[in-house]
Amino acid sequence: MMLDTDDEILQDFLVEAEEILEGLNEQLVELENRPQDSDLLNAIFRGFHTIKGGAGFLNLEAMVALCHKGEDVFNLLRQGERTVDADMMDTFLKVLDTLNTMFDEIKSARQPSPADPIIIEQLAAYLSGDVVIAPAAMQPPPPPEPEPEPAVTPATTQTAPGAAASDEITDDEFEALLDQLHGTAAPGSKGSEPAAPAPLAAANTNDSDDITEEEFEALLDQLQGKNKAGPAPAAAQPAAAAQQAKPEPAKPVPVQAEATTAQPKAAVSDSSAAETPAAKAAPAKQQADTSVRVDTSRLDEIMNMVGELVLVRNRISTLEAAFENEDMAKAVNNLTVVTGDLQAAVMKTRMQPIKKVFGRFPRVVRDLARSLKKDINLELRGEETDLDKNLVEALADPLVHLVRNAVDHGVEMPDVREANGKPRQGNIVLGAAQEGDHILLTIADDGAGMDPEVLRRKAVEKGMMDQDTAARLTESECFALIFSPGFSMKQEITDISGRGVGMDVVKNSISKLNGVIDIKSEVGVGTTLAIKVPLTLAIMPTLMVMLGDQIFAFPLVNVNEIFHLDLSKTNVVDGQQTIMVRNKALPLFYLRKWLVKQYTPSDKAEIEHVVIVNVGTQRVGFVVDQLLGQEEVVIKPLGALLQGTQGLAGATITGDGRIALILDFPELMKAYANRGY
């Protein structure tokens, strides 16, 4: 049966379930390191339980069945009847993978397929194996001590410990209340403890399966002890009413008086008990109303309009300079400030924390290290760093390749590390930080590092260059060889690495984002890769240059430095014209030869303007006719005639109304640099 993807309830479930599944990915890996953490166990249990409740409401039976089995096992873990081991964690991660597959099927408007029977059997085995030792697990809970209460009705006995501990409730009470919210019986719920679910049953006699968000928030707050005085007596009243039935309506009044003598208002009537959840619901609703869910296409549309406004601002600023009117200058300056603030505000709405990408790596490292029999700790830094939503999605795959490469190639086997005087456990640090209008991403490991001599020898063996050329490579150029297609240091090809494809993909992906990669490595110490990408791809700071009569824009993220060149100080190495910049030879290219149709060699001047540009992991010098200055531009797609032209990323409109072509340096080098220029 096809699902109605336009259904608002289904859309809400998809959004909530996606967030929970992302959180479970991190929480499960963290649980392996902290198997006794009760907060973490409860959080994972609630995640499975919430997904089960939403899926049950939408009749997604396959998802309900799998989540129910999963929470059964986590109920045992919460009660201390089992502890997490590596094999159990493998099963849980398979469960999570299956839930993600089901989630994708639901997004495609299809009913989720049933889970693999083997996974269900594994979960059932964990459950059946603990039936024998179940009584011993009832010892840890501390609540039995508050028994010495006055002789009261059973409702008071159940409520008093909760009131005494205020912030502490038993696992069974917590589980029973959660199950009542979703109208299903809980795994491990005890029939002898009806007091906890009774308040919800009394409040929702008309429709036990449907509760409002306010009631859910109020009950969670009650469980966590946020209502320290009010919830306890309010919960006792309906509980007593449920047990005493209708013939004795006056019975609950003395029960409440005994339970909490300091709260006489709690014994007024059933209406007072109903006011407590309503009072709690008010602030919860206020919090929910502070955020609005907006389709990303609307944000993109607003961003495009802001981009047009930026172009208009640039045009007005250019015109204002010709009028030399003080009042107009002030108005234009105000427009510039307001436009800048608006641009920043709209960009912030498109921003997402990079944690959305980082969250998947604990699982990646854990699974890969386990398959390679390595012991590796992953440290995440700067998870709250924000960058454009489109960049977050585009960076996911390159970072996966780099992290997998650090686990496979970087960190040594535990025995090798120990023999070299290192801890058996390797360490990988994945960090993010904002630097101006760029984001700096770092992947660092404390592994074996890379030996430039080995890289040179490997390049010669693969026929990539001759011995003399390899000998002239600097350390950074040697490290950059790992991004060459087909280059790999692995002797054997495995399902993880060895084909020399992954790092080539990384380089191309980062280059498309106008990013730059830098590698630093030391033998026996480790390797650090630094990736620098712009905050957003929508509005780009550029350097405007002139070639002949045409304006071109260099993405500023690629520009390293600018200087004036005396052409008499150039050299030719291996047939390529080069310049010396701080004792390092850089290739030099004349862009006008590539991009200007009416180029005549006689136009040469003695002094030229040279822009040093980062292209991937290399630096290259480009000779230009004239430097116009820096300008923020909006990238526009090329028209049908120019679509697909190599070396051009797009076009924009300059402040004087002319068209400027934005250069794509990696593509430009690929198209022209090997033609003998």
Side-chain angles (χ1 to χ4, degrees), residues 5-23 103-104 106-109 287-314 335-360 382-399 432-439 441 509-510 512-515 533-542 553 555-557 631-638 649-653 662:
T5 53
D6 293 329
D7 184 1
E8 188 175 346
I9 297 176
L10 178 60
Q11 288 301 319
D12 288 342
F13 169 73
L14 290 174
V15 172
E16 182 183 21
E18 185 174 22
E19 293 175 357
I20 293 173
L21 289 173
E22 287 177 1
F103 182 76
D104 291 337
I106 295 169
K107 285 201 294 188
S108 302
Q287 287 183 347
D289 289 342
T290 59
S291 61
V292 178
R293 195 176 300 138
V294 180
D295 193 281
T296 53
S297 61
R298 291 191 181 183
L299 294 179
D300 293 339
E301 187 177 347
I302 294 173
M303 195 66 191
N304 287 335
M305 289 189 287
V306 170
E308 294 295 337
L309 183 60
V310 169
L311 295 178
V312 174
R313 178 201 66 186
N314 294 343
L335 175 64
T336 301
V337 171
V338 172
T339 304
D341 291 344
L342 178 62
Q343 176 186 333
V346 173
M347 284 176 62
K348 282 182 181 178
T349 63
R350 289 166 51 98
M351 295 292 186
Q352 284 186 336
I354 201 165
K355 183 178 181 180
K356 189 175 178 67
V357 176
F358 280 11
R360 71 180 66 182
E383 295 176 87
E384 300 307 316
T385 304
D386 291 332
L387 70 162
D388 193 282
K389 176 183 179 296
N390 295 336
L391 274 174
V392 169
E393 296 167 354
L395 284 170
D397 287 342
L399 287 178
Q434 183 173 342
E435 293 186 349
D437 56 355
H438 300 93
I439 292 290
L441 302 169
S509 300
I510 299 300
K512 287 177 182 176
L513 300 176
N514 292 318
V533 293
L535 270 174
T536 178
L537 299 177
I539 297 176
M540 177 190 297
T542 62
L556 206 59
V557 66
E631 189 171 319
E632 280 190 334
V633 302
V634 180
I635 302 177
K636 297 292 183 183
L638 296 171
T652 189
I653 301 174
I662 302 170

Is Thr652 reaching over with its side chain to a backbone N or O of Val633, donor-acceptor style, under 3.5 angstrom?
-> no

Please tabulate, one pair per line, all N/O donor-acceptor pairs under 3.5 Å involving side-chain atoms of residues 335-345, not counting sequence neighbours.
unit_1 : atom_1 : unit_2 : atom_2 : d
Thr336 : OG1    : Val332 : O      : 2.9
Thr339 : OG1    : Leu335 : O      : 2.7

Any residue meeting side-chain hydrogen bond (donor to acceptor under 3.5 Å, both in side chains) with [X], in chain and number order, not counting sequence neighbours:
{"X": "Glu308", "value": "Lys636"}
{"X": "Asp300", "value": "Arg350"}
{"X": "Glu19", "value": "none"}
{"X": "Asp12", "value": "Arg293"}

Tell me the closest heavy-atom pair linking [X] and [Y], and the distance in Å.
{"X": "Asn314", "Y": "Glu631", "answer": "ND2-OE2, 3.6 Å"}
{"X": "Glu632", "Y": "Val310", "answer": "O-CG1, 4.2 Å"}
{"X": "Val557", "Y": "Pro534", "answer": "CG2-CD, 4.5 Å"}
{"X": "Met540", "Y": "Ile662", "answer": "SD-CG2, 4.4 Å"}
{"X": "Leu513", "Y": "Ala394", "answer": "CD2-CB, 3.7 Å"}
{"X": "Ala396", "Y": "Val357", "answer": "CA-CG1, 3.9 Å"}

Could you tell me the separation between the [atom1] atom of [X] and the [atom2] atom of [Y], rounded to the nearest 0.5 Å?
{"X": "Ile20", "Y": "Glu18", "atom1": "CD1", "atom2": "CD", "result": "11.0 Å"}
{"X": "Leu399", "Y": "Ile510", "atom1": "CG", "atom2": "CD1", "result": "6.5 Å"}
{"X": "Asp388", "Y": "Glu393", "atom1": "CG", "atom2": "CD", "result": "9.0 Å"}
{"X": "Thr349", "Y": "Lys389", "atom1": "OG1", "atom2": "NZ", "result": "12.0 Å"}
{"X": "Ile354", "Y": "Leu441", "atom1": "CD1", "atom2": "CG", "result": "4.5 Å"}
{"X": "Ile439", "Y": "Leu395", "atom1": "CD1", "atom2": "CG", "result": "9.5 Å"}

Chi angles and distances behind the side chain to side chain contact (heavy atoms under 4.5 Å, CB included) call for Ile106, Leu10 | CA-CA 9 Å; Ile106 295 169; Leu10 178 60; 3.8 Å; yes

Does a sphere of radius 6.0 Å around CD in Glu301 hold more than 12 heavy atoms from other residues, nucleotides or ligands, not counting ones at 6.0 Å or beyond?
-> no

Side chain to side chain donor-acceptor pair (under 3.5 Å): pairs with one or both residues in residues 351-360, sequence neighbours excluded | Glu22-Lys356

